[in-house]
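Just follow the structure's listing: the first ligand is 1, and inside any ligand the first atom is 1.
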Amino acid sequence: MTEKLSTDPVFRDIEENYRRITETIADASVRSGRTPADVRFMAVTKTVQPIFINHALSLGVGLIGENKVQELLSKLDSLHPADVEKHLIGHLQTNKVAKILPHVSMIQSVDSLHLAEAIDRESEKRGVRTDILLEVNIGGEDSKTGFPFDGFEENVCRIASLPSVRVRGIMTIPPFCEKKEDSRRFFCKAYKLFIDIKGKNIDNISMDTLSMGMSSDYEEAILEGATLVRVGSSLFGGRRY
Ligand SMILES: *Cc1c(COP(=O)(O)O)cnc(C)c1O
């Protein structure tokens with residue numbers, strides 16, 4: 001790290017934030033009867049310039065998430081290390097599946113059977129198997145994408161029959177809650193669904209990832225069983241679009 005980098009206030013903020021978040025995650029994972037290693041941290045890097053993303057990577061962040069295919073592609077050449085693990089976490093149109101597949105190790109935002117089939121076809125063409133999470137609309141909100149809670153198992157079974165995708169778990173974003181304690185019942189509902197599907201031991205499915213919790217509520221999400229939290233603004237500061 002150069003002298004300029006280590007003294008820039010934005011870089012110091014990111015360091016301070018990362019330290020605080022790491023402590024909160026460790027504390028919440030222990031309080032939920034697990035160890036800090038059981039909860040994975042993702043830095044959500046939408047709208048964040050590569051120079052700041054790279055600073056987070058230099059601190060030990062090992063996983064980043066982006067919402068948009070184009071934005072992720074535009075940053076690829078500037079990331080150090082270039083092979084940092086990347087997941088797509090935003091809505092994906094089927095016509096962009098081919099573009100993004102080679103660059104991410106997981107698509108967390110699979111929100112329809114149609115999209116799962118498109119990923120399966122493209123993966124088969126490339127001779128790969130793609131890890132996916134199924135996004136569940138846990139609060140049943142019209143404004144959100146995701147599979148409905150009701151009938152979820154049926155959708156899981158259909159997707160389990162696609163040979164070139166591997167369902168690794170569930171991703172969810174609960175409804176906005178004034179008080180963050182209120183989000184806990186949605187996280188709890190998602191956790192129960194996760195455990196329920198996991199217990200069915202469906203062929204071709206390995207339920208090991210429950211992705212939930214963002215800057216405002218990742219602590220609550222961990223207390224309810226999240227195995228991966230997606231944090232943006234608490235790490236990098238507020239977004240300027
Ligand atoms: C933006 C975003 C996040 C992170 O949001 P913050 O509140 O900034 O932490 C997490 N998950 C998804 C799907 C997002 O789009």
- Is E23 salt-bridged to R19, going by a charged N under 4.0 Å from an acidic O?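 Salt bridge flag = no for R19 with E23.
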
For [X], take its heavy atoms, then give the atoms of ligand 1 lying under 4.0 Å from any of them.
X	value
V231	9 (O)
S233	6 (P), 7 (O), 8 (O), 9 (O)
G232	4 (C), 6 (P), 8 (O), 9 (O)
I173	13 (C)
S215	6 (P), 7 (O), 8 (O), 9 (O)

- Ignoring angles and geometry beyond distance, decide whether N67 reaches within less than 3.5 Å of ligand 1 through its nitrogen or oxygen atoms.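 Yes: some nitrogen or oxygen of N67 is under 3.5 Å from one in ligand 1.
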
- Message: Tell me whether the count of non-hydrogen atoms from other residues, nucleotides or ligands lying under 6.0 Å of CZ in F152 goes above 12.
- Response: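 Yes - once you tally the heavy atoms of other residues, nucleotides and ligands closer than 6.0 Å, there are more than 12.
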
- How about R185: does its CZ atom have over 12 heavy atoms from other parts shown lying under 6.0 Å from it?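 Atom CZ in R185 is not crowded, with 12 or fewer foreign heavy atoms closer than 6.0 Å.
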
- Query: Does I89 approach ligand 1 within less than 4.0 angstrom via side chain, backbone, both or neither, non-hydrogen atoms only?
  - Reply: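 The part of I89 near ligand 1 is both the backbone and the side chain.
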
- So which bit of K46 gets within less than 4.0 Å of ligand 1, heavy atoms only: side chain, backbone, both or neither?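 For K46, only side-chain atoms sit under 4.0 Å from ligand 1.
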
- Query: Is it true that F52 and F11 have ring centroids separated by less than 6.0 Å?
  - Reply: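 Yes; F11 has its ring centre under 6.0 Å from that of F52.
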
- Item | Donor-acceptor pair between S211 and Q108 side chains, under 3.5 angstrom |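 Yes, Q108 and S211 have a side-chain donor paired with an acceptor closer than 3.5 Å.
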
- Test item: side-chain donor near acceptor, T130 and S123, under 3.5 Å: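 Judged by distance alone, the side chains do pair up.
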
